[in-house]
Amino acid sequence: LAFDKTGTLTEGRPQVIDIHAIDDQHELLNCAARLESGSRHPLALGIAKEAERRQISFTPFDNVQQIPGKGLIASDEQIVGGSANFLKEQGVLLPNIQEDTTASAVHFSKNGRFLGTITLKDIARSEADAALSLLRYRGYSTLLLSGDLPGSVKRLSESLMIDKWL
């Protein structure tokens, strides 16, 4: 049996697990929340929720351009958020970043200056382990399908004892 990862075997609501700011963590989270708050992407929702949890008030940017699979740009304030490669494409000089391959990292810059990285992780649904155990007991093999980072998919498949992942 094949399963999708996000929202099926996981909560589908990634949570912020780390905020690494070059200078000011408040500025990083404020810019990130302003940029991401108009998006329905699960990572964007996780970032906005973390800003709210920390009681950081923010006003969403009006003019945000979404580049699918890469990131977001608020052109009026020159805020960029997305993958490391996307920021590099925008001319941002990034420090040597060693990313957690089992989590999702979103990088941010303002006016071409790197602000930092927010790392998020999605957790397995509480009932996923029991459901998969029952399927294994009944002789089914399992397959996890996901377009997420390979390390994240591998971590989840190992923790839930899924037979194969793609």
Side-chain angles (χ1 to χ4, degrees), residues 1-22 25-26 28-56 58 60 64 66-72 80-87 94-109 114-166:
L1 294 174
F3 295 91
D4 179 50
K5 178 180 162 279
T6 306
T8 303
L9 296 179
T10 66
E11 294 288 333
R13 293 185 301 270
Q15 299 170 1
V16 172
I17 59 167
D18 186 40
I19 299 174
H20 179 68
I22 295 300
Q25 193 175 78
H26 184 273
L28 169 59
L29 193 51
N30 180 273
C31 287
R34 292 184 70 197
L35 183 65
E36 300 280 3
S37 62
S39 174
R40 304 311 317 153
H41 190 282
L43 296 177
L45 297 173
I47 290 169
K49 185 174 181 177
E50 181 66 16
E52 291 169 1
R53 187 187 74 75
R54 293 178 183 226
Q55 299 180 333
I56 295 175
F58 58 89
V64 176
Q66 295 188 21
I67 294 82
K70 293 187 174 192
L72 303 169
V80 178
S83 69
N85 285 338
F86 181 60
L87 267 70
L94 276 72
N96 189 10
I97 298 171
Q98 191 146 23
E99 294 183 7
D100 178 351
T101 60
T102 66
S104 298
V106 186
H107 309 282
F108 295 91
S109 69
F114 182 67
L115 295 177
T117 302
I118 298 177
T119 307
L120 303 95
K121 200 175 259 191
D122 199 0
I123 58 172
R125 295 174 67 117
S126 59
E127 63 273 14
D129 192 39
L132 290 166
S133 291
L134 179 61
L135 291 170
R136 278 192 301 278
Y137 175 77
R138 292 191 174 168
Y140 290 96
S141 61
T142 53
L143 170 67
L144 178 60
L145 301 172
S146 179
D148 290 353
L149 294 169
S152 175
V153 178
K154 180 181 179 189
R155 177 191 55 84
L156 182 67
S157 64
E158 287 174 351
S159 71
L160 294 175
M161 296 174 24
I162 292 174
D163 298 314
K164 189 174 179 183
W165 59 274
L166 299 173

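Counting begins at 1 with the first residue of the sequence.
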Using 0.5 Å steps for rounding, measure from the CD1 atom of Ile162 to the CG atom of Leu144. 4.5 Å
Output all residues satisfying side-chain hydrogen bond (donor to acceptor under 3.5 Å, both in side chains) with Thr119, sequence neighbours left out; order by chain, then residue number. none
Looking at Lys121, I'd like to know if its NZ atom is crowded, meaning that more than 12 non-hydrogen atoms belonging to other residues, nucleotides or ligands lie closer than 6.0 Å. yes
Going from NE2 on His26 to SG on Cys31, what distance comes out if it is rounded to the nearest 0.5 angstrom? 10.0 Å
Identify the two heavy atoms, one from Ile47 and one from Ala32, that lie closest to each other, and give their separation to 0.1 Å. CG2-CB, 3.8 Å
Carboxylate-amine/guanidinium contact Glu50 Arg53, below 4.0 Å: yes
What's the shortest heavy-atom distance between Leu166 and Val153, and which atoms? O-CG1, 4.4 Å
Looking only at heavy atoms, the pair that brings Pro95 and Ile22 closest together is CG-CD1, 4.3 Å
Among residues at least two apart in sequence or on other chains, which ones pass side-chain hydrogen bond (donor to acceptor under 3.5 Å, both in side chains) with Glu11? Arg13
Looking at CD1 of Ile17 and CG of Leu120, how far apart are the two atoms once the value is rounded to the nearest 0.5 Å? 7.5 Å
Donor-acceptor pair, side chain of Thr142 and main chain of Asp163, under 3.5 angstrom: yes
Quick one: closest heavy-atom pair of Gln25 and Ile19, and the distance? NE2-O, 3.2 Å
For the atom pair CG (Asp122) and CD (Gln15), what is the distance rounded to the nearest 0.5 Å? 8.0 Å
Looking at every non-hydrogen atom in both residues, tell me the closest pair between Ser37 and Arg40 and how far apart they are. O-NH1, 4.4 Å
Distance, nearest 0.5 Å, that separates CD of Glu52 from CG of Leu45: 10.0 Å
Smallest separation among heavy atoms of Val106 and Gly81, with atom names: CG1-C, 4.5 Å
Closer than 3.5 angstrom, by distance alone: can the side chain of Thr10 be matched with the main-chain N or O of Gly7 as a donor-acceptor pair? yes
Who passes salt bridge (Lys or Arg N to Asp or Glu O under 4.0 Å) against Arg136, sequence neighbours left out? none
Please determine whether side-chain contact (heavy atoms from CB on, under 4.5 Å) holds for the pair Leu72 and Glu36, giving the CA-CA distance in whole Å, both sets of side-chain angles, and the decisive distance to 0.1 Å. CA-CA 8 Å; Leu72 303 169; Glu36 300 280 3; 3.2 Å; yes
Going from OG on Ser157 to CZ on Phe3, what distance comes out if it is rounded to the nearest 0.5 angstrom? 13.0 Å
